[in-house]
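The structure displayed is predicted, hence computed values, not measured ones.
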Amino acid sequence: MYVRLAFAVAAHLEPEILVLDEVLAVGDAEFQKKCLGKMKDVSGEGRTVLFVSHNMTAINNLCSQALYMQYGNIKLIGETHQIISKYLETNARANAEKIWENLAEAPGNEKVKITSTRILTNNTISDNIGITKEFLIEFSFVVLEDNLDLASSIHLLDNQETFVFASVNWKNASLNEDEWGGKPHKKGTYKSTCIIPANYLNEGRYLVNIVLHNVSASQHYVNLQQILVFDIIDDSLMRQSYFGQWGGIVRPKLERHTTFLSPLNV
């Protein structure tokens, strides 16, 4: 409430320079909407708004120029879309890739071990993915026992650990049948990929579980919980002038048709 009151006072004093630090981190959706609207009004009147935030959607919509700071130092200054791209690239590999180079230390058992997991978009490892971009969840594993009864599952959860979906690679469980889905695996190294389409997930943070199990799922060989973390970033193309939180876990871009039926005679 203190922050809401402070913003209301500052916004109505008609300052030449309005400095706002993470003001969108507090309050409900209606308050955030009012903040964004007021900031747009102020900037449209020729006054300066210095807006400090991690909300890429708001920055992209409100700011023509951006300044990227790290550990108190200025890294970059330039056009907003370029600065946002650089910001999202920074430390992207930390949550988006896990590699076990030593097979003895890799998670699993005497039957199978996972050796790597990663998030890929445009063949680049990244934990920040534009909402209009297709991306891959990929993992590699080594089968140590011939004719192993094996299937794999990918579980996706949101930041509140709400189960979003599970993808399993056995027959008829995906759009294209996996060559090794639910079939006995011979000894060797394998790579499995799950394609997440563009315009599917809503903006926000997501967690990935990867499970290797037998076909009946009664026995788990490897169960990696929250092994990958990534963020879906809104590029504002679908939002247009709406800045509020878009409801739902998924935000598909669906086909719509509206038809004019007849004029109204009064």
Side-chain angles (χ1 to χ4, degrees), residues 88-130 133-159 161-198 200-201 204-232 249:
L88 295 179
E89 289 172 6
T90 304
N91 299 320
R93 299 179 73 99
N95 295 320
E97 183 180 47
K98 299 288 187 298
I99 297 175
W100 295 269
E101 295 181 354
N102 186 343
L103 189 61
E105 297 176 355
N109 55 25
E110 70 283 355
K111 298 177 183 293
V112 60
K113 295 194 173 216
I114 291 180
T115 54
S116 69
T117 65
R118 57 181 60 90
I119 304 287
L120 291 166
T121 180
N122 294 328
N123 294 318
T124 301
I125 296 166
S126 177
D127 63 353
N128 289 284
I129 300 153
K133 304 296 184 183
E134 176 184 275
F135 67 97
L136 312 178
I137 299 174
E138 179 187 281
F139 61 94
S140 299
F141 57 97
V142 176
V143 173
L144 304 169
E145 179 183 288
D146 258 332
N147 296 315
L148 182 65
D149 174 16
L150 180 66
S152 64
S153 297
I154 291 174
H155 302 163
L156 190 70
L157 296 82
D158 70 7
N159 201 35
E161 299 190 21
T162 301
F163 212 119
V164 179
F165 67 72
S167 174
V168 187
N169 76 325
W170 57 55
K171 187 176 181 180
N172 300 326
S174 63
L175 291 176
N176 299 307
E177 184 177 340
D178 192 324
E179 180 183 356
W180 289 95
K183 297 179 181 178
H185 285 54
K186 57 186 177 182
K187 286 183 180 179
T189 301
Y190 298 79
K191 180 172 73 175
S192 185
T193 301
C194 179
I195 302 173
I196 311 298
Y200 177 63
L201 293 172
R205 175 155 292 189
Y206 294 88
L207 318 169
V208 178
N209 301 340
I210 296 175
V211 185
L212 299 184
H213 49 79
N214 61 4
V215 173
S216 67
S218 61
Q219 180 183 6
H220 287 180
Y221 304 130
V222 192
N223 189 349
L224 299 180
Q225 296 291 302
Q226 301 181 17
I227 191 63
L228 298 171
V229 181
F230 65 91
D231 293 292
I232 296 292
I249 295 174

Plane angle bin for Trp180 and His185 - parallel if under 30°, tilted between 30 and 60°, otherwise perpendicular: tilted
Geometric class of the Tyr206/Phe230 ring pair [parallel <30°, tilted 30-60°, perpendicular >60°]: parallel
Give a yes or no answer on whether the side chain of [X] reaches the backbone of [Y] with a donor-acceptor pair at less than 3.5 Å.
X      : Y      : value
Asn109 : Lys111 : yes
Asp146 : Lys186 : no
Asp127 : Val229 : no
Asn214 : Gln219 : yes

In Å, rounded to the nearest 0.5 Å, how long is the span from [atom1] of [X] to [atom2] of [Y]?
X      : Y      : atom1 : atom2 : result
Leu228 : Asn95  : CG    : CG    : 8.5 Å
Leu136 : Ile125 : CG    : CD1   : 11.5 Å
Ile232 : Lys133 : CD1   : NZ    : 12.0 Å
Phe141 : Ile210 : CZ    : CD1   : 10.5 Å
Lys113 : Leu212 : NZ    : CG    : 12.5 Å
Phe139 : Ser116 : CZ    : OG    : 9.5 Å

What closest approach, in Å, do [X] and [Y] show between heavy atoms, and which atom pair accounts for it?
X      : Y      : answer
Gln226 : Asn209 : N-OD1, 2.6 Å
Ser126 : Asn128 : OG-O, 2.9 Å
His155 : Ser153 : NE2-CB, 3.7 Å
Thr162 : Ile249 : CG2-CD1, 3.9 Å
Ser192 : Asp178 : OG-OD2, 4.3 Å
Ser152 : Asn169 : N-OD1, 2.9 Å

Using side-chain heavy atoms (C-beta onward) and a distance below 4.5 Å, is [X] in contact with [Y]?
X      : Y      : value
Leu156 : Ile196 : no
Ile129 : Leu201 : no
Val142 : Trp100 : no

Candidate pair Glu145 and Glu110, rule side chain to side chain contact (heavy atoms under 4.5 Å, CB included), full reasoning: CA-CA 8 Å; Glu145 179 183 288; Glu110 70 283 355; 5.5 Å; no
Residue pair Ile137, Ile119: steps toward the side chain to side chain contact (heavy atoms under 4.5 Å, CB included) verdict: CA-CA 5 Å; Ile137 299 174; Ile119 304 287; 3.8 Å; yes
Charged N-O contact under 4.0 Å between Asp231 and Arg205: yes
Thr117 vs Val208, side chain to side chain contact (heavy atoms under 4.5 Å, CB included): CA-CA, chis, key distance, verdict: CA-CA 10 Å; Thr117 65; Val208 178; over 6 Å; no
Test side chain to side chain contact (heavy atoms under 4.5 Å, CB included) applied to Leu120 and Thr193, step by step: CA-CA 10 Å; Leu120 291 166; Thr193 301; over 6 Å; no
